[in-house]
Amino acid sequence: MDNNMNNYNPFSLEGKTILVTGASSGIGREVAIQCARMGAAVVITGRNQERLQEVIEQLPPEAFKGCVAADLTVPEQLDALIAALPPLDGAVLSAGNSTTLPLQFGTREKFDDMFGVNFFAPVELLRLIYKKKVLNKGASVVLVASIGGTHSFMPGNGVYGASKAALNSVMKYAAREFASRRVRVNSICPGMVDTPLIHRGTITEEQLAEDAKRYPLGRYGRPVDIAHGAIYLLSDASSWLTGHDLVIDGGFSV
């Protein structure tokens, strides 16, 4: 058998340079590590330099392309990140925040804070890396959205869900507009994923355990579940896919 057939892997990221935001923890951290395992050179960014360093230590030396500590809601720091980027074959924009808040307490300030992190920051980054041609022709961008606001409408999730629904909508417009350069734009809509974000005390551990029982597959997602979806969307295996929101939620939305 031909050795090339033995090595055939359409999901490989060999030769691709990938930016991962929110890489200091949770989904972003796992995306960076798994992309490196699939052969990508990764550039990571997040707000916490110490945690970013811990991620760097998990990467093979040949996979580390750069690290920029930045708060993407601060224009000067966003500009500094963009100025430091090499040409990119892909990007996973996973930086985000969440809250559980009844809508009657969703003041304009609460909405502004949530949209600043979950919508305006990634959309501005997406706009600039396309406009400034940081994205190579044929690149793939993955936005981490949520089933909240798109496929699931749970009480207390309105502020968060609205920001992710808006992000998912922009994804589809970007997919149409960026296709002229063969830049693909898709999103992942996860269900509840077991990351540090959900263990901040807003919801008790007992409530989380009870909630997980509502998922047909019997558990919350793990960051690696989402990372594997991102690898598919970044890889040549999905070269004819754009404008799609990939739901990864253990069957919750059905």
Side-chain angles (χ1 to χ4, degrees), residues 11 18 20-38 42 44-48 50-59 72 92-102 114 117-119 121-122 142-165 167-168 186-234 245-254:
F11 301 94
I18 308 294
V20 183
T21 74
S24 57
S25 67
I27 291 172
R29 178 183 187 277
E30 193 64 32
V31 167
I33 292 170
Q34 295 298 325
C35 283
R37 291 186 66 186
M38 293 300 292
V42 296
I44 60 173
T45 185
R47 291 182 297 179
N48 188 302
E50 184 178 339
R51 292 208 304 263
L52 287 171
Q53 186 59 42
E54 293 172 0
V55 177
I56 293 170
E57 292 169 3
Q58 299 290 315
L59 304 176
L72 302 183
V92 181
L93 309 187
S94 64
N97 203 355
S98 69
T99 187
T100 302
L101 187 71
M114 191 60 59
V117 175
N118 286 358
F119 178 77
V142 181
L143 305 178
V144 178
S146 172
I147 61 170
T150 57
H151 300 79
S152 172
F153 302 87
M154 302 299 293
N157 218 29
V159 177
Y160 170 78
S163 69
K164 290 295 191 176
L167 183 65
N168 211 48
N186 295 285
S187 68
I188 296 176
C189 294
M192 189 75 91
V193 178
D194 194 349
T195 70
L197 207 59
I198 70 171
H199 296 287
R200 298 179 303 179
T202 307
I203 304 172
T204 68
E205 294 299 317
E206 291 76 13
Q207 288 172 320
L208 289 172
E210 191 62 29
D211 184 61
K213 295 176 183 178
R214 297 188 300 143
Y215 283 71
L217 292 183
R219 64 171 175 87
Y220 283 160
R222 303 182 184 107
V224 71
D225 297 320
I226 312 308
H228 288 165
I231 287 168
Y232 166 64
L233 294 174
L234 292 167
D245 48 309
L246 176 63
V247 174
I248 306 178
D249 70 348
F252 183 86
S253 58
V254 297

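In what follows, every heavy atom counts, from backbone to side chain, and hydrogens, waters and symmetry copies are set aside.
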Do the ring planes of Y232 and F11 sit parallel (below 30°), tilted (30 to 60°) or perpendicular (above 60°)? tilted
Tightest non-hydrogen contact, residues V144 and P190, listed as CG1-CG, 4.2 Å
What distance separates L143 CG from S146 OG, expressed to the nearest 0.5 Å? 13.0 Å
Heavy-atom side-chain contact between N118 and L167 under 4.5 Å: no
Nearest 0.5 Å, please: how far is CD in E30 from NE2 in H228? 7.5 Å
Looking only at heavy atoms, what is the nearest atom pair of N97 and M114, with distance? O-SD, 3.5 Å
Checking I33 against L59 for the side chain to side chain contact (heavy atoms under 4.5 Å, CB included) test, could you report, in this order, the C-alpha distance in whole Å, the side-chain angles of both residues, the deciding distance, and whether it holds? CA-CA 6 Å; I33 292 170; L59 304 176; 4.3 Å; yes
To check you understand the geometry: which heavy-atom pair defines the closest contact between S24 and R51, and what is its length? O-NE, 3.3 Å
Looking at side-chain heavy atoms only, is the closest gap between D225 and V193 below 4.5 Å? no
Is there a side chain to side chain contact (heavy atoms under 4.5 Å, CB included) between D211 and Y220? Walk through the geometry before answering. CA-CA 9 Å; D211 184 61; Y220 283 160; 2.5 Å; yes
Main-chain N/O of G191 paired to Y215 side chain as donor or acceptor, under 3.5 Å: no
Note: T195 and P223 closest approach over all heavy atoms is CG2-CG, 4.0 Å
To check you understand the geometry: which heavy-atom pair defines the closest contact between A23 and L52, and what is its length? C-CD2, 4.1 Å
M192 CE to R214 CZ distance, which is reported to the nearest 0.5 Å: 8.0 Å
Any non-hydrogen side-chain atom of M38 less than 4.5 Å from a side-chain atom of I18? no
Heavy-atom pair with the smallest gap, counting every atom of E50 and N48: N-OD1, 3.0 Å
When rounded to the nearest 0.5 Å, the distance separating CD1 of I147 from CD1 of I188 is 13.5 Å
Full working for side chain to side chain contact (heavy atoms under 4.5 Å, CB included) between V224 and Q34: CA-CA 8 Å; V224 71; Q34 295 298 325; 3.9 Å; yes
Tell me which donor-acceptor pairs under 3.5 Å the side chains of residues 245-254 have, and how far apart each pair is, sequence neighbours excluded?
unit_1, atom_1, unit_2, atom_2, d
D245, OD1, K172, NZ, 3.1
D249, OD1, G251, N, 3.0
D249, OD2, S253, N, 2.8
D249, OD2, S253, OG, 2.7

Look only at the side chain of S94 and the backbone of T21, and say whether a donor-acceptor pair between them is shorter than 3.5 Å. yes
Measure the spacing between CD1 of I226 and SG of C189 and express it to the nearest 0.5 Å. 10.0 Å
